[in-house]
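Just so you know, these numbers use all the heavy atoms, side chains as well, and skip hydrogens, waters and symmetry mates.
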Amino acid sequence: MDERVKMTTSEIAGVSKTEKSCQRLTTIPSIGPLISTAMVAAVGKSEAYDRRRNFAAQLGRVPSQHCTGG
């Protein structure tokens, strides 16, 4: 089991080093290879969000925004 964990961790680190999106995310403090690859896998293209704040709210980093429009 330990060997499988080491192998998977190594694979994730390799993907994180080769993917541009992962490389950018790992420049943020406390985001490493595992978190960056998980975020890219979950979100994909960032164009799905019209604002950076909406993306951060999806991740739970800022409170979600509710607006009545008036």
Side-chain angles (χ1 to χ4, degrees):
M1 182 69 146
D2 288 338
E3 197 59 39
R4 288 178 60 193
V5 170
K6 287 179 186 178
M7 186 176 75
T8 304
T9 302
S10 176
E11 289 178 26
I12 290 171
V15 170
S16 180
K17 288 180 182 177
T18 59
E19 287 290 323
K20 278 189 174 184
S21 298
C22 293
Q23 291 171 356
R24 281 182 288 193
L25 286 168
T26 56
T27 62
I28 301 170
S30 77
I31 295 183
L34 182 62
I35 300 296
S36 68
T37 53
M39 287 173 62
V40 170
V43 174
K45 300 268 185 198
S46 61
E47 289 90 28
Y49 298 93
D50 56 346
R51 295 193 174 116
R52 286 180 267 174
R53 186 185 193 292
N54 294 344
F55 175 67
Q58 174 75 22
L59 297 174
R61 302 295 291 173
V62 295
S64 57
Q65 185 174 353
H66 300 285
C67 177
T68 61

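V15 and V40 fall into different hydrophobic clusters, where Ile, Leu, Val, Met, Phe, Trp and Tyr are joined by side-chain heavy atoms under 4.5 Å apart, directly or via other members. Cluster annotation: L34 is not connected to V5 through the hydrophobic network of ILVMFWY side chains, with a link wherever side-chain heavy atoms come within less than 4.5 Å.
Counting Ile, Leu, Val, Met, Phe, Trp and Tyr side chains that sit under 4.5 Å apart, directly or through other members, M7 stands alone, with no cluster partners.
Among residues at least two apart or in separate chains, there is no side chain to side chain donor-acceptor pair (under 3.5 Å) pair with a member in residues 1-11. Pairs of residues two or more places apart, or lying in two chains, that qualify as side chain to side chain donor-acceptor pair (under 3.5 Å) and include a residue from residues 14-39 are S16-S36, S21-R24.
Counting heavy atoms from C-beta on, the side chains of L25 and I35 never come closer than 4.5 Å.
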